[in-house]
Chemist: 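What follows is a single structure, and I will ask about it in a moment.
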2 protein chains.
Amino acid sequence: MDLAKHLSWRYATKRMNGKKVSREKLDSILDAISLSASSVGLQPFTVFVIESEELRKQILPIANNQPQITECSHLLLFAAWDNLTEKRVDEFIARMVEVRGGETESTQRWSSYLKDKAKNTPVEANFNWLARQAYIALGTALVAAAVEQVDATPMEGFNPAALDELLHLKDKGLRSVLLLPLGYRDENNDFLVNKPKVRREKDKLFVEL
Amino acid sequence: MDLAKHLSWRYATKRMNGKKVSREKLDSILDAISLSASSVGLQPFTVFVIESEELRKQILPIANNQPQITECSHLLLFAAWDNLTEKRVDEFIARMVEVRGGETESTQRWSSYLKDKAKNTPVEANFNWLARQAYIALGTALVAAAVEQVDATPMEGFNPAALDELLHLKDKGLRSVLLLPLGYRDENNDFLVNKPKVRREKDKLFVEL
């Protein structure tokens with residue numbers, strides 16, 4: 001399969017037409033997110049899949065009134081763990097032991113490493129590291145959406161504190177990191193739809209040593 | 001194409017066998033990185049493609065002696081801009097104007113937005129934001145490698161300051177963020193090769209609203 005063709009097709013869609021993404025395509029995108037890499041395999045985030053129109057209307061002003069919030073089919077919110085805690089490490093290790101059928105030297109090593117990090121790293125540095133893992137999943141989701149010919153617009157431009165409050169994320173130990181509306185481009189109203197993709201020259205982006 | 005199949009095939013390869021990745025496959029992975037999304041399309045990083053054995057031997061102790069550093073075919077280093085500067089914004093906008101054939105209202109809006117950010121955001125917060133963009137590209141690179149049946153191991157576990165010094169990154173206004181060895185799994189010596197993938201239960205990872 002020609003990945004470059006899919007990636008050239010995608011762009012940060014500015015206007016969507018409200019058409020629904022099928023359950024099958026949505027599940028393919030969510031499967032890719034689930035299979036995405038993360039540090040130690042921790043997957044330190046929750047992905048909210050927001051279809052509710054009512055809720056998306058409430059999110060609209062929190063996201064600078066970007067029209068894709070209500071014009072999309074499903075709005076994904078990547079919310080990272082607000083901190084690494086001993087409880088979360090224990091749950092992660094328990095899951096690893098469950099899937100792999102028993103403790104090993106490496107599960108014990110990961111457990112110590114992560115608990116040490118939980119205890120000795122400042123909360124904000126831990127959160128920053130955890131939030132970065134959501135960006136890997138975002139990269140994976142963007143490829144998966146393009147392969148399914150579903151449009152997607154990564155967004156950092158919103159008020160995370162207001163969104164955390166609306167969705168009671170603090171109580172869940174989560175903080176909003178990224179929004180990703182999924183839907184279909186409105187070819188008649190999106191000024192960006194026919195613009196050529198701008199990319200840095202390869203000899204500036206890459207250095208071979 | 002069955003993306004889930006490719007993503008299920010990949011894993012964080014712990015031992016590689018030294019076999020070389022072809023130029024064609026390497027270029028497919030680099031093309032995907034180049035086409036990857038980033039905030040405003042800024043691509044605020046340089047990707048070093050390190051094939052030199054001599055250099056990889058020097059990097060080995062800086063990366064906790066992880067054997068993939070020397071057992072891989074090519075070692076990618078994602079190094080993010082150390083800060084957003086007016087000069088970098090001007091270069092980005094000039095490239096956009098070149099590719100799209102002229103200034104528009106939106107190029108002017110992006111220019112003001114980015115210059116304001118360059119001037120008024122603390123350096124460390126800017127760097128943190130720029131570094132996150134490299135994680136999106138990493139996510140894209142991992143998918144591209146899997147599609148090409150090339151193994152890849154994302155690494156945060158190295159000493160960024162020592163690597164910056166070795167490669168004189170400070171002079172280039174860059175800071176090391178991520179390493180990604182590309183190569184082929186050594187099936188006989190990698191303890192992880194046949195272990196089942198551990199992923200959080202879907203009803204914990206996703207919340208539908």
Chemist: Determine the minimum heavy-atom distance between A:V123 and A:D82, stating which atoms define it.
Modeler: CG1-O, 3.7 Å
Chemist: Between B:N120 (side chain) and B:D116 (backbone), is there a donor-acceptor pair under 3.5 Å?
Modeler: yes
Chemist: For chain A, which residues from residues 160-177 of chain B have at least one heavy atom closer than 4.5 Å to it?
Modeler: B:L167, B:V177
Chemist: Considering all heavy atoms of both residues, which atom of A:W81 and which atom of A:R88 are nearest to each other, and what is their separation?
Modeler: CB-NH1, 3.4 Å
Chemist: Treating B:S73 as the side-chain partner and B:V21 as the backbone partner, does any N or O pair qualify as donor plus acceptor under 3.5 Å?
Modeler: yes
Chemist: Name the option with the most non-hydrogen atom pairs under 4.5 Å to chain A; the candidates are B:G157, B:S34, B:G139, B:S106.
Modeler: B:S34
Chemist: Where do B:G41 and B:F92 come nearest, in terms of heavy atoms and distance?
Modeler: O-CE1, 3.2 Å
Chemist: Where do A:T13 and A:Y11 land on the side-chain contact (heavy atoms from CB on, under 4.5 Å) test, with the steps shown first?
Modeler: CA-CA 6 Å; A:T13 310; A:Y11 74 113; 3.6 Å; yes
Chemist: So which residues of residues 42-53 of chain A are in contact with chain B at a heavy-atom cut-off of under 4.5 Å?
Modeler: A:L42, A:Q43, A:F45, A:T46, A:V47, A:F48, A:V49, A:I50, A:E51, A:S52
Chemist: Please determine, among B:L30, B:T140, B:D31, the option with the most heavy-atom pairs under 4.5 Å with chain A.
Modeler: B:L30
Chemist: Taking everything shown except B:N65 itself, do over 12 heavy atoms lie less than 6.0 Å from its CG?
Modeler: yes
Chemist: If you count heavy-atom pairs under 4.5 Å with chain B, which of A:P154, A:A137, A:S36, A:S28 comes out on top?
Modeler: A:S36
Chemist: Identify which part of A:K204 has an atom lying under 4.5 Å from any heavy atom of chain B, answering side chain, backbone, both or neither.
Modeler: backbone
Chemist: For the candidates A:K202, A:E91, A:E156, which exhibits the highest count of non-hydrogen atom pairs separated by less than 4.5 Å from chain B?
Modeler: A:E156
Chemist: Among the options B:Q133, B:M96, B:E201, B:M155, pick out the one with the most heavy-atom pairs lying under 4.5 Å from chain A.
Modeler: B:E201
Chemist: Roughly how far, to the nearest 0.5 Å, is NZ of B:K20 from CG of B:L26?
Modeler: 9.5 Å
Chemist: How close do B:L180 and B:T153 get, counting heavy atoms only, and between which atoms?
Modeler: CD1-C, 3.6 Å
Chemist: Look only at the side chain of B:S111 and the backbone of B:T107, and say whether a donor-acceptor pair between them is shorter than 3.5 Å.
Modeler: no
Chemist: Locate the shortest heavy-atom distance separating A:Q149 from A:H6; write the atom from each residue and the value.
Modeler: NE2-ND1, 4.2 Å
Chemist: Between A:E98 and chain B, with a heavy-atom cut-off of 4.5 Å, which part of the residue counts as in contact: side chain, backbone, both or neither?
Modeler: side chain
Chemist: Examine distances only and state if a side-chain atom of A:D151 and a backbone atom of A:R185 form a donor-acceptor pair shorter than 3.5 Å.
Modeler: yes
Chemist: Under the side-chain contact (heavy atoms from CB on, under 4.5 Å) rule, what do A:V89 and A:W110 come out as? Steps first, then yes or no, please.
Modeler: CA-CA 9 Å; A:V89 174; A:W110 286 127; over 6 Å; no
Chemist: Quick one: which of B:N128, B:L192, B:L142, B:L55 has the most heavy-atom pairs under 4.5 Å with chain A, could you say?
Modeler: B:N128
Chemist: To check you understand the geometry: which heavy-atom pair defines the closest contact between B:L3 and A:A32, and what is its length?
Modeler: CD2-CB, 4.2 Å
Chemist: Under 4.5 Å heavy-atom distance to chain B, tell me which part of A:R56 shows up: side chain, backbone, both or neither.
Modeler: neither
Chemist: Output the option from A:K197, A:K195, A:R10, A:H74 having the highest count of non-hydrogen pairs under 4.5 Å with chain B.
Modeler: A:K195
